[in-house]
Amino acid sequence: MNQYTIYCTPEQTRKALEIGAKIITEPNCIHTLSQFRGVYNDGETFFHLPTIEQMIGWLEEKGMFVIVHRIKNVDETFTYYYDIFDNDNENICDGMWTFLSREEATLAAICAALDYLIENKGE
């Protein structure tokens, strides 16, 4: 099952920390955790990278709802796009450009949602 686990990027993790996410950090960690999946070392602190499911759950607590859509193309391939809604079901961000995988679309949606929260001071 670990092959299906998708972690957020270090940049997404830093943005989430900036707006109040409770992410496990270990300052001055002696062991080399950075060689394991899901852990990132920025030179001073080790961050436990959240999975996309964890980040989406936290975004929902902040009133942001991420939806990734899959569409079938004429040539029988699939592409993906996303929408982000707020508590009032208002579409606050849509990624109408297409992505080649669910992972790519989900990570792009998380970036867009975090950027929106930062621009609106995490509210």
Side-chain angles (χ1 to χ4, degrees):
M1 291 303 278
N2 282 345
Q3 69 181 335
Y4 300 109
T5 301
I6 302 167
Y7 291 98
C8 291
T9 67
E11 181 62 25
Q12 290 170 331
T13 303
R14 278 194 287 281
K15 286 179 180 181
L17 281 166
E18 180 182 323
I19 52 179
K22 304 292 185 217
I23 294 173
I24 299 170
T25 60
E26 297 181 35
N28 305 317
C29 189
I30 297 172
H31 45 24
T32 56
L33 285 176
S34 60
Q35 64 189 342
F36 298 107
R37 284 187 71 198
V39 179
Y40 172 74
N41 177 2
D42 72 354
E44 292 181 15
T45 304
F46 286 85
F47 298 93
H48 291 257
L49 300 175
T51 65
I52 60 171
E53 293 83 5
Q54 291 170 323
M55 185 68 79
I56 288 173
W58 179 76
L59 288 168
E60 287 179 357
E61 289 177 10
K62 303 291 277 178
M64 309 278 298
F65 299 89
V66 172
I67 301 171
V68 174
H69 307 273
R70 182 180 86 153
I71 55 176
K72 191 173 189 177
N73 301 312
V74 175
D75 65 358
E76 300 295 315
T77 62
F78 294 96
T79 53
Y80 301 79
Y81 69 97
Y82 67 82
D83 286 303
I84 303 171
F85 296 91
D86 65 10
N87 277 331
D88 297 323
N89 207 29
E90 180 182 331
N91 189 334
I92 58 173
C93 185
D94 57 13
M96 286 310 295
W97 48 90
T98 57
F99 299 91
L100 298 177
S101 69
R102 180 182 57 83
E103 175 181 353
E104 194 178 15
T106 305
L107 288 170
I110 288 170
C111 280
L114 290 168
D115 288 344
Y116 179 88
L117 286 173
I118 288 169
E119 289 172 18
N120 293 283
K121 297 178 180 62
E123 297 173 6

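Numbers for residues simply follow the sequence, beginning at 1.
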Shortest non-hydrogen contact from [X] toward [Y]:
{"X": "Y81", "Y": "F99", "result": "CA-CD1, 4.4 Å"}
{"X": "A112", "Y": "I84", "result": "CB-CD1, 3.9 Å"}
{"X": "W58", "Y": "A16", "result": "CH2-O, 4.1 Å"}

Next on the checklist: I'd like to know if the side chain of T77 reaches the main chain of N73, judged simply by a donor and an acceptor atom lying under 3.5 Å from each other, with no hydrogens or angles considered.
Outcome noted: no
Checklist entry - Would you say the side-chain atoms of Q54 pair up with the backbone N or O of P50, donor to acceptor, closer than 3.5 Å? => result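 No; judged by distance alone, with no hydrogens or angles, the pair does not exist.
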Which distance, rounded to the nearest 0.5 Å, do you find between the [atom1] of [X] and the [atom2] of [Y]?
{"X": "Y80", "Y": "R70", "atom1": "OH", "atom2": "CZ", "result": "5.5 Å"}
{"X": "E53", "Y": "I6", "atom1": "CD", "atom2": "CD1", "result": "6.5 Å"}
{"X": "T79", "Y": "L100", "atom1": "OG1", "atom2": "CG", "result": "8.0 Å"}
{"X": "R102", "Y": "F78", "atom1": "CZ", "atom2": "CZ", "result": "14.0 Å"}
{"X": "L49", "Y": "T13", "atom1": "CG", "atom2": "OG1", "result": "4.5 Å"}
{"X": "L17", "Y": "Q12", "atom1": "CG", "atom2": "CD", "result": "12.0 Å"}

Checklist entry - Quick one: does N87's side chain get under 4.5 Å of F65's, heavy atoms only? => result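 In contact.
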Checklist entry - Heavy-atom distance under 4.5 Å between the side chains of L59 and Y116, does that happen here? => result no
Next on the checklist: If the test is side-chain contact (heavy atoms from CB on, under 4.5 Å), which one of V66, I92, I67 qualifies with F85?
Outcome noted: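 Among V66, I92, I67, the one meeting side-chain contact (heavy atoms from CB on, under 4.5 Å) with F85 is I67.
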Checklist entry - Can you tell which of L117, T9, I110, L114 makes a side-chain contact (heavy atoms from CB on, under 4.5 Å) with K15? => result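 Single side-chain contact (heavy atoms from CB on, under 4.5 Å) partner of K15 among L117, T9, I110, L114: L114.
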